[in-house]
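Chain naming here is simple, since letters A, B, ... match the order of the sequence lines and numbering starts at 1 in each. The figures that follow rest on heavy atoms only: side chains count, while hydrogens, waters and symmetry mates do not.
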Amino acid sequence: MDETKDQYELRKKKIAQLEEKGIESYPASFGPHITVREAAAKEEGVTVRIAGRLMSKRLMGKASFSHIKDYSGRLQVYVRRDNVGEEAFAAFKEMDIGDFMGVEGEIFITKTGEKTVLVKSYVFLAKSLRPLPEKWHGLKDTETRYRKRYLDILVNPQSSDILKARSIVINEMRNRLLQKDFVEVETPILQDIPGGASARPFKTFHNTFGRDLYLRIAPELYLKRLLVGGWDRVFEIGRNFRNEGISTRHNPEFTMLEVYCAYTDYRYMMELSREIIISVQEKLEAGGFKIPIDFSDGWEEKDLWALLTEYTGTGFSPTDSFEDIKKKADKLDVPPGKDSPDKVIDRIFSKYVEENLVKPTFVTGYLSEHSPLAKRSARDGNISERFEIFICGQEVGNAYSEQNDPAVQKAMFESQLAGQGADASEVDTDYIEALEYGMPPASGLGIGIDRIVMLMTGAESIREVILFPMLKPVQKDY
RNA sequence: GGGCCAGUAGCUCAGGCGGUAGAGCAACGCCCUUUUAAGGCGUGGGUCGAAGGUUCGAUUCCUUCCUGGCUCACCA
């Protein structure tokens with residue numbers, strides 16, 4: 001039989017059959033109803049109206065048990081010929097798994113103790129033309145899970161949970177900051193001078209202005225302009241774009257929280273970051289998530305150079321010359337390459353130290369020449385007032401006392417530019433001018449939200465915590 | 001970009017050291033009014049990732065390519 005060849009064709013024909021019977025295959029709405037979760041909480045005998053997707057169907061001649069799923073959960077429904085009538089029951093038998101329906105009926109409890117809706121009437125709400133992934137194994141193919149995320153979150157509860165955790169994380173961060181009197185702002189994503197970090201930007205073009213623009217690599221310089229304007233406590237949660245490698249920890253667009261607080265220095269940000277992360281953990285745990293790490297322990301401050309010395313067994317000091325560092329890198333089997341000293345240090349750090357920083361740790365002691373936007377330490381001009389947060393061997397945050405001296409800032413920009421060569425953009429003179437009007441002393445913090453969600457959910461890949469991660473574009477005939 | 005692994009039915013997976021493939025779920029038909037991975041009997045469904053090569057013959061062997069995953073390099 002040709003008709004049975006293709007499930008898709010068959011289901012399309014069912015739409016025509018519905019229309020013949022005068023049943024709309026894609027009606028506009030269902031009307032008042034409650035969620036599946038709410039319905040499941042009702043007592044026996046209560047009449048409920050619910051709507052959702054048909055996820056299973058166990059048909060026994062003249063009756064059928066099925067499960068209906070909406071965003072709040074699943075509930076069993078029991079459709080009996082004697083309750084809905086012969087015609088409606090025949091139509092129900094024609095429904096496919098994946099179709100949407102709305103039902104009205106009475107709550108009862110089955111022999112096996114499952115709360116169920118004894119359906120009195122139902123309406124067809126939308127047709128599904130393609131068969132859903134397998135009910136037991138779900139959808140496993142990684143590529144398909146990312147490309148067709150709607151199927152992944154539909155049939156794989158663990159995927160859905162991780163991505164919902166993300167929403168809780170962001171909300172909790174936002175709420176905490178709002179409670180503390182921070183103002184949430186949105187600054188430009190399209191920028192003509194991409195600044196605030198060192199990374200290669202994405203380039204785009206504005207037709208009316210006839211000029212190149214860049215997708216931001218960080219919002220930092222705009223947020224600090226707000227400090228100049230007297231907005232003393234600001235934060236932004238938003239997307240940054242960096243035109244660099246993709247890995248299990250890097251997506252070209254990722255979400256950052258950046259916070260700035262006037263009249264405080266980087267020590268304030270230690271407290272704030274700790275508070276934010278712990279409250280996020282508590283919020284998730286309250287929502288039933290099991291967090292694999294205890295974030296309440298740790299939060300010790302450790303010196304970069306002491307850590308390097310401890311874990312490599314080689315003495316490191318901030319006063320080491322580039323030659324010294326290269327020699328030590330060589331001994332430690334780290335290719336020094338042609339990079340600047342901070343990159344070599346970073347590489348040694350990644351290889352020997354990072355994995356040991358399991359408990360939340362504030363790493364301090366970063367060289368000021370490689371932290372152009374940070375203030376120098378009053379005690380040691382070589383060192384910046386800066387820390388990075390490491391948890392579970394991953395860098396999740398970066399903070400410093402903000403450089404607000406326009407002359408020093410300008411000099412830092414210029415020397416940084418000189419060191420970059422071909423890749424360099426230009427000095428953001430507009431930003432320097434803003435500083436010249438005066439910026440209060442302030443501290444700033446950036447937290448990578450994707451990575452926090454990874455830590456909180458135990459996700460192995462950043463792609464598990466981003467709904468639609470960047471994949472190579474393909475032309476595929478589905 | 002380098003290395004390793006993978007791609008077989010809508011989904012989850014077997015298999016084949018060369019003779020064009022199987023299971024479960026899903027689908028189709030019949031039976032079944034408390035099932036829950038419902039059950040029973042029966043049926044259909046595949047350019048075995050793509051293209052070349054070797055061969056009488058390739059899904060299987062070889063080469064190249066595509067896609068993905070992990071990993072290294074670079075970055076957050």
Side-chain angles (χ1 to χ4, degrees), chain A residues 1-11 13-14 55-67 74-84 89 93-94 96-98 108-114 116 118 128-148 151-152 155-156 196-200 217-218 240-256 334-335 337 339 343 346-347 350-351 354 388-390 394-398 446-452 454 460-463 469 471-478:
Chain A
M1 276 186 47
D2 280 2
E3 286 177 26
T4 60
K5 255 185 181 172
D6 193 339
Q7 295 186 45
Y8 180 81
E9 291 303 323
L10 198 85
R11 288 178 177 211
K13 283 187 180 136
K14 286 186 181 174
M55 296 304 286
S56 67
K57 205 168 132 188
R58 294 177 291 280
L59 190 65
M60 296 163 294
K62 298 178 187 65
S64 172
F65 282 97
S66 300
H67 276 92
R74 298 176 178 238
L75 189 61
Q76 182 164 260
V77 297
Y78 184 42
V79 182
R80 257 167 49 133
R81 193 191 63 178
D82 291 354
N83 291 73
V84 298
F89 189 74
K93 284 203 280 188
E94 290 301 309
D96 291 301
I97 289 172
F108 78 108
I109 293 174
T110 62
K111 260 188 200 168
T112 51
E114 182 168 348
T116 302
L118 178 58
S128 164
L129 291 174
R130 297 176 187 267
L132 259 31
E134 212 243 5
K135 64 181 174 188
W136 188 242
H137 297 92
L139 179 64
K140 286 204 172 147
D141 183 79
T142 317
E143 184 182 358
T144 313
R145 287 208 300 114
Y146 296 154
R147 288 197 194 277
K148 302 190 188 181
L151 293 180
D152 185 34
V155 302
N156 296 331
S198 82
R200 286 154 69 193
I217 55 177
N240 289 348
F241 306 84
R242 298 190 184 175
N243 206 340
E244 284 164 1
I246 297 180
S247 77
T248 45
R249 277 175 227 164
H250 301 87
N251 196 61
E253 49 182 306
F254 62 103
T255 303
M256 282 277 285
V334 173
D339 292 314
K343 291 201 172 162
D346 196 57
R347 223 172 289 154
S350 306
K351 185 166 174 181
E354 226 167 62
E388 293 199 350
I389 307 168
F390 285 85
Q394 269 202 71
E395 188 203 328
V396 298
N398 182 17
I447 289 182
I449 286 179
D450 311 275
R451 289 189 178 173
I452 291 291
M454 286 173 73
E460 299 273 320
S461 168
I462 199 169
R463 291 177 166 182
L471 300 173
K472 206 180 268 195
V474 285
Q475 291 295 327
K476 214 172 171 182
D477 191 28
Y478 291 118

For rG46(B), which nucleotide is its Watson-Crick or G-U wobble mate, given both distances must be under 3.5 Å? none
Does R347(A) place a side-chain N or O at less than 4.0 Å from the phosphate oxygens OP1/OP2 of rC74(B)? yes
Looking only at the side chain of F65(A) (C-beta and beyond, no hydrogens), which of the listed nucleotides rU34(B), rA76(B), rC32(B) gets closest? rU34(B)
Of Y78(A) and P133(A), whose closest RNA chain B nucleotide lies nearer the 5' terminus? P133(A)
Whole-Å C1' distance, rU47(B) and rU8(B): 13 Å
Which of rC28(B), rC75(B), rU33(B) is nearest the side chain of L10(A)? It is rC28(B)
Nucleotide of rA76(B), rA26(B), rU35(B) approaching T110(A) most closely (side-chain heavy atoms): rU35(B)
Closest to side chain of E143(A), choosing from rU67(B), rC32(B), rA76(B): rU67(B)
Distance between C1' atoms of rC61(B) and rC31(B) (Å, rounded): 50 Å
Need the pair for rA73(B). Rule: Watson-Crick or G-U wobble, both distances under 3.5 Å, any strand; none if unpaired. none
Check A218(A) against R242(A) and note the closest heavy-atom contact, atom names and distance. CB-NH2, 4.2 Å
Looking at T255(A) and D450(A), what are the two nearest heavy atoms and their distance? N-OD2, 2.8 Å
With heavy atoms under 4.0 Å as the rule, sort N251(A) into base, sugar-phosphate or nothing. base
Whole-Å gap separating C1' (rG1(B)) and CD (E244(A)): 16 Å
Rounding to the closest angstrom, what is the interatomic distance between rG18(B) and rC11(B) at atom C1'? 30 Å
On the nucleotide rC75(B), are OP1 or OP2 found under 4.0 Å from the side-chain N or O atoms that K343(A) carries? yes
Without decimals, in angstroms, what is the distance between R451(A) CZ and rA76(B) P? 9 Å
Just to be sure I understand the rule, does G138(A) reach a base, reach only the sugar-phosphate, or reach nothing, if contact means heavy atoms closer than 4.0 Å? sugar-phosphate
Minimum heavy-atom distance S56(A)-I97(A), with the two atoms named: CA-CD1, 4.0 Å
Taking a pair to mean Watson-Crick or G-U wobble geometry with both distances below 3.5 Å, rA23(B) pairs with rU12(B)
Atom-to-atom span, CD of E253(A) to P of rA76(B) - whole angstrom: 18 Å
Strictly below 4.0 Å, N to O, side chains only: are K62(A) and D82(A) in salt-bridge contact? no
Please classify the nucleic acid contact of T248(A) as base, sugar-phosphate, or nothing, using heavy-atom distances under 4.0 Å. sugar-phosphate
Reading RNA chain B from 5' onward, which residue's closest nucleotide shows up sooner: S247(A) or N83(A)? N83(A)
Only pairs with both distances under 3.5 Å count, Watson-Crick or wobble alike; so what is the partner of rU34(B) in this structure? none
Judged by atom type as modelled, is there a donor-acceptor pair below 3.5 Å linking the side chain of N156(A) to the main-chain atoms of L139(A)? yes
Would you compute the distance between atom OG of S128(A) and atom OH of Y8(A) and round it to the nearest 0.5 angstrom? 10.5 Å
Say you pick atom P in rG29(B) and the same atom in rG44(B); how far apart are they, in whole Å? 15 Å
Give L132(A) one of three labels, base, sugar-phosphate or nothing, depending on what nucleic acid heavy atoms sit under 4.0 Å from its own. nothing
Quote, to the nearest angstrom, the P distance that separates rU63(B) from rU54(B). 15 Å
What is the nucleic acid contact for D141(A), judged by heavy atoms within less than 4.0 Å: base, sugar-phosphate only, or nothing? sugar-phosphate
Using a 4.0 Å heavy-atom cut-off across all strands, classify K57(A) as base, sugar-phosphate, or nothing. nothing
Rounded distance in Å between the C1' positions of rC28(B) and rG45(B): 10 Å
When the ring planes of F108(A) and Y78(A) are compared, do they come out parallel, tilted or perpendicular, using 30° and 60° as the limits? tilted
Just how far, in rounded Å, is C1' of rG7(B) from CZ of R147(A)? 13 Å
Using the P atom as the point on both nucleotides, what is the distance between rA9(B) and rC4(B), in whole Å? 26 Å
For the backbone of W136(A) and the side chain of E134(A), can you confirm whether one donor and one acceptor N or O come within less than 3.5 Å of each other? yes
Under 4.0 Å, counting only non-hydrogen atoms across every strand here, what does K111(A) touch: a base, just sugar-phosphate, or nothing? base
How many Å lie between NZ on K62(A) and C1' on rU33(B), as a whole number? 7 Å
Is there, by distance only and without an angle test, a donor paired with an acceptor across the side chain of E114(A) and the base of rU34(B) below 3.5 Å? no
Nucleotide of rG68(B), rA26(B), rA76(B) approaching T142(A) most closely (side-chain heavy atoms): rG68(B)
By the Watson-Crick or G-U definition, both distances under 3.5 Å, rG18(B) is matched with none
I want to verify a distance call: between rU35(B), rA76(B), rA27(B), whose nearest atom is closest to the S198(A) side chain? rA76(B)
Which atom names give the shortest non-hydrogen contact between M454(A) and R249(A), and what distance separates them? CE-CG, 4.3 Å
Does a nitrogen or oxygen in the side chain of K93(A) sit under 4.0 Å from OP1 or OP2 of rU33(B)? no
What is the distance from CZ of R58(A) to P of rU34(B), rounded to the nearest Å? 13 Å
Pairing check on rC41(B): which nucleotide meets the Watson-Crick or G-U wobble criteria with it, both distances under 3.5 Å? rG29(B)
Check every strand shown and say whether Y8(A) touches a base, only sugar-phosphate, or nothing at a heavy-atom separation below 4.0 Å. nothing
note: I246(A), atom CD1; rU67(B), atom P; distance rounded to Å ~ 12 Å
Whole-Å C1' distance, rC74(B) and rA6(B): 26 Å
Just how far, in rounded Å, is P of rC11(B) from CE of M55(A)? 16 Å
Would you say the base of rA26(B) and the side-chain of E134(A) have a donor-acceptor pair closer than 3.5 Å? no
